[in-house]
Undergrad: 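Mind looking over this structure? Questions follow.
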2 protein chains.
Amino acid sequence: MERPEVAGGGAPAPGRGREATRERILTSAKELFTSEGFGSVSSRMIASHAGVNVALINRYFGSKAGLLTEILREDGVFPRLITEGPPELLTRRLAEHIVSRLYGEGTLLQRALDHSAGDPDLQSVYQGRLKTAFIEPLAVYLDRENSRVHASLIAAVMLGMGRVRRIEGGDALRAHDREQLTERVLALLELCLADFGAPDPDDP
Amino acid sequence: MERPEVAGGGAPAPGRGREATRERILTSAKELFTSEGFGSVSSRMIASHAGVNVALINRYFGSKAGLLTEILREDGVFPRLITEGPPELLTRRLAEHIVSRLYGEGTLLQRALDHSAGDPDLQSVYQGRLKTAFIEPLAVYLDRENSRVHASLIAAVMLGMGRVRRIEGGDALRAHDREQLTERVLALLELCLADFGAPDPDDP
DNA sequence: GGTATATGTAAACGGTGTTGACCTGTCAAA
DNA sequence: TTTGACAGGTCAACACCGTTTACATATACC
């Protein structure tokens, strides 16, 4: 009845075995999601590309959405955005990130997810990730009064820019001077962070 | 071979006939989308609720997405937002609309679409509507230099707030003082509209 | 009356994500 | 060496989706 340290099954065989298979699914999925978008890639496509049976996706990741969750978990672009430089340049970092996305820069995977944003599955997975890997860490990072509100506002500006880019291709924004645009976004982000205590300059 | 003025078919019969059926489908779809969300309502559910054959949805609206397009076309909340009051209060109107949505106010249909945002279909339909019924009219309404850029920025803030609300339920934002929040959003919107010519006050 | 035509019906199509029953090969214990 | 347990893999099916096609029905015009 005791569960042995290294469990029952056979030796991995050439390119098989739990870890190898998991990895192949992850790699293929990442590749396909990147080139085709989440919604356009079916479980069967992933399995076939990975040279693996369809059922194994569900066995190892629970569902197609679970597979995406795992991919995003390994990606880690959100936390990096917050902490990859000096705190006083946080807003500038974010502003430049936003604008660069307008120009089609940034991770292939990110672009792909932006592009194919859809499916209740992707929505819920992506949004969950956004909350736990961006908004909440950002609030902690800010570490002051109302930091949750400030973090939410920052997230709103960032997400909104992303959505507008998706809606109208970002043409209108890209047509404008990039540096001016970056400065404007920066100003918006800083306004998001402005203290609520500070009264309107016009007020007594 | 000539197509008669008033075409061939029979008299409408009790509750049937082209217009009656179309209307019943529209009504049922609106009701179900509102209570369940777009993605969770299937064509067959709509048809069954309307007491109508499934195929008629596609006959009359081309597709499930086409049905949503028609519903949104009749809704007209976007254009109203822009023009329903004096121009100098545009930003305040928008700010109050945004914040009210945080509190679960606003059209039932709007809330439902927000809630169930997903499906490539909904995305493309909704975003198309957003572009032609909000961003573009807003740009025309603003009627000044770079109005497309300003309109896009406005849209970004509005959409972003919507997404944040969806992601984290708006709890963090709702926890804050509503009036202060409205004023902050208002400030953000006005910053979106600020002239690009105007130099940074700190600059010479 | 005959027929064209608008309306409604029923059943299927190809696709999706997912699941359960079934092999298969290897190790640990008997 | 035989046996049994079991991880890993396979296959065929399930239930559902949006959509389409072939067919029935009933009216209004000629």
Side-chain angles (χ1 to χ4, degrees), chain A residues 1-25 29 32-33 36-48 50-69 116 118-125, chain B residues 1-25 29 32-33 36-48 50-69 116 118-125:
Chain A
M1 295 308 174
E2 286 220 317
R3 202 165 156 285
E5 185 72 89
V6 172
R16 339 259 287 204
R18 181 182 183 84
E19 276 319 303
T21 303
R22 258 185 68 99
E23 213 52 47
R24 293 213 300 193
I25 293 174
L32 289 173
F33 287 164
E36 310 283 340
F38 180 76
S40 311
V41 177
S42 72
S43 305
R44 285 169 179 83
M45 286 170 67
I46 298 170
S48 144
V52 143
N53 192 281
V54 205
L56 295 182
I57 292 177
N58 294 80
R59 176 193 287 284
Y60 287 127
F61 301 97
S63 65
K64 191 187 163 192
L67 175 53
L68 178 64
T69 305
S116 81
D119 301 58
D121 293 341
L122 188 149
Q123 285 281 331
S124 80
V125 170
Chain B
M1 295 305 173
E2 287 220 312
R3 206 166 153 283
E5 186 72 87
V6 171
R16 339 258 288 207
R18 180 182 182 86
E19 275 319 304
T21 302
R22 259 186 67 101
E23 212 53 46
R24 293 214 300 196
I25 294 174
L32 289 174
F33 286 164
E36 310 282 342
F38 180 77
S40 311
V41 176
S42 72
S43 304
R44 285 168 178 84
M45 286 171 67
I46 299 170
S48 143
V52 142
N53 191 281
V54 207
L56 295 182
I57 292 177
N58 291 298
R59 175 191 287 286
Y60 288 127
F61 301 97
S63 66
K64 192 187 164 194
L67 175 54
L68 178 65
T69 305
S116 79
D119 302 58
D121 293 341
L122 188 150
Q123 286 280 333
S124 79
V125 170

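Everything numeric here is computed off the predicted structure, so don't read it as measured data. Order of the sequence lines sets the chain letters (A, B, ...), proteins ahead of strands, with each chain counted from 1.
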Undergrad: If you look at every strand shown and take non-hydrogen atoms under 4.0 Å, does A/Y60 touch a base, only sugar-phosphate, or nothing?
TA: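 It contacts sugar-phosphate atoms only.
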
Undergrad: Would you please confirm or rule out a distance under 4.0 Å between OP1 or OP2 of D/dG18 and any side-chain N or O of B/S43?
TA: yes

Undergrad: Sequence neighbours excluded, which residues qualify as side-chain contact (heavy atoms from CB on, under 4.5 Å) partners of B/S48?
TA: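 In terms of side-chain contact (heavy atoms from CB on, under 4.5 Å), with neighbours along the sequence ignored, B/S48 is linked to no residue.
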
Undergrad: Figure out the CG/P separation between A/L67 and C/dT18, and round it to whole Å.
TA: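 To the nearest whole Å, that distance equals 10 Å.
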
Undergrad: Between atom CD1 of B/I57 and atom OG1 of B/T21, what is the distance when rounded to the nearest 0.5 Å?
TA: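 Rounded to the nearest 0.5 Å, the CD1-OG1 separation comes out at 11.5 Å.
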
Undergrad: What's the shortest heavy-atom distance between A/Y60 and A/R18, and which atoms?
TA: CE2-NH1, 3.2 Å

Undergrad: To the nearest 0.5 Å, what is the distance between OG on A/S43 and CG on A/N58?
TA: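 Spacing of OG (A/S43) from CG (A/N58) equals 6.0 Å.
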
Undergrad: Roughly, in whole Å, what's the span from CD1 in A/I57 to P in D/dC11?
TA: 15 Å

Undergrad: Take atom CZ of B/R22 and atom P of C/dA6, then tell me their distance rounded to the nearest Å.
TA: 16 Å

Undergrad: Output one line per pair: protein atom, nucleotide atom from nucleotides 10-15 of chain C, and distance, for all N/O pairs under 3.5 Å.
TA:
unit_1	atom_1	unit_2	atom_2	d
C/dA12	N6	B/R44	NH2	3.1

Undergrad: Looking at residues at least two apart in the chain, or sitting in another chain, which of them share a side-chain contact (heavy atoms from CB on, under 4.5 Å) with A/R44?
TA: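 For A/R44, the residues satisfying side-chain contact (heavy atoms from CB on, under 4.5 Å) (neighbours in sequence not counted) are A/S42, A/V54.
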
Undergrad: Return the value, rounded to whole Å, for the distance between atom CD1 of A/I46 and atom P of C/dT18.
TA: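 Checked: the CD1 to P distance equals 10 Å.
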
Undergrad: Take the C1' atoms of the five end pairs on each side of the helix from C/dG1-D/dC30 to C/dA30-D/dT1, derive the two axes, and give their angle rounded to 10 degrees.
TA: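 For the helix from C/dG1-D/dC30 to C/dA30-D/dT1, the axes at either end differ by 30°.
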
Undergrad: Whole angstroms only, please: what is the CG-P distance between A/N58 and D/dA13?
TA: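 Rounded to whole Å, this separation is 18 Å.
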
Undergrad: In whole angstroms, how far is the C1' atom of D/dC11 from the CG atom of A/L56?
TA: 12 Å

Undergrad: On the nucleotide D/dG9, are OP1 or OP2 found under 4.0 Å from the side-chain N or O atoms that A/T21 carries?
TA: yes

Undergrad: Please produce a list of atom pairs where a protein N or O lies less than 3.5 Å from an N or O of nucleotides 22-24 of chain D.
TA:
none

Undergrad: Can you name the residues that form a side-chain contact (heavy atoms from CB on, under 4.5 Å) with A/V41, not counting sequence neighbours?
TA: A/L32, A/F33, A/E36, A/M45, A/I46

Undergrad: Closer than 4.0 Å, any side-chain N/O of A/R18 to the OP1 or OP2 of D/dA7?
TA: no

Undergrad: Only counting residues at least two apart or in another chain, list the ones meeting side-chain contact (heavy atoms from CB on, under 4.5 Å) with A/N53.
TA: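 A/A55, A/L56.
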
Undergrad: Please give me the minimum heavy-atom distance between A/K64 and A/F38, naming the atom from each residue.
TA: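 Nearest heavy atoms, A/K64 then A/F38: NZ-O, 3.1 Å.
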
Undergrad: Nearest whole angstrom, please: distance from the P of D/dG9 to the CZ of A/F61.
TA: 12 Å

Undergrad: Nearest-Å distance, CE (A/M45) to P (C/dT18)?
TA: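 About 16 Å, once rounded to whole Å.
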
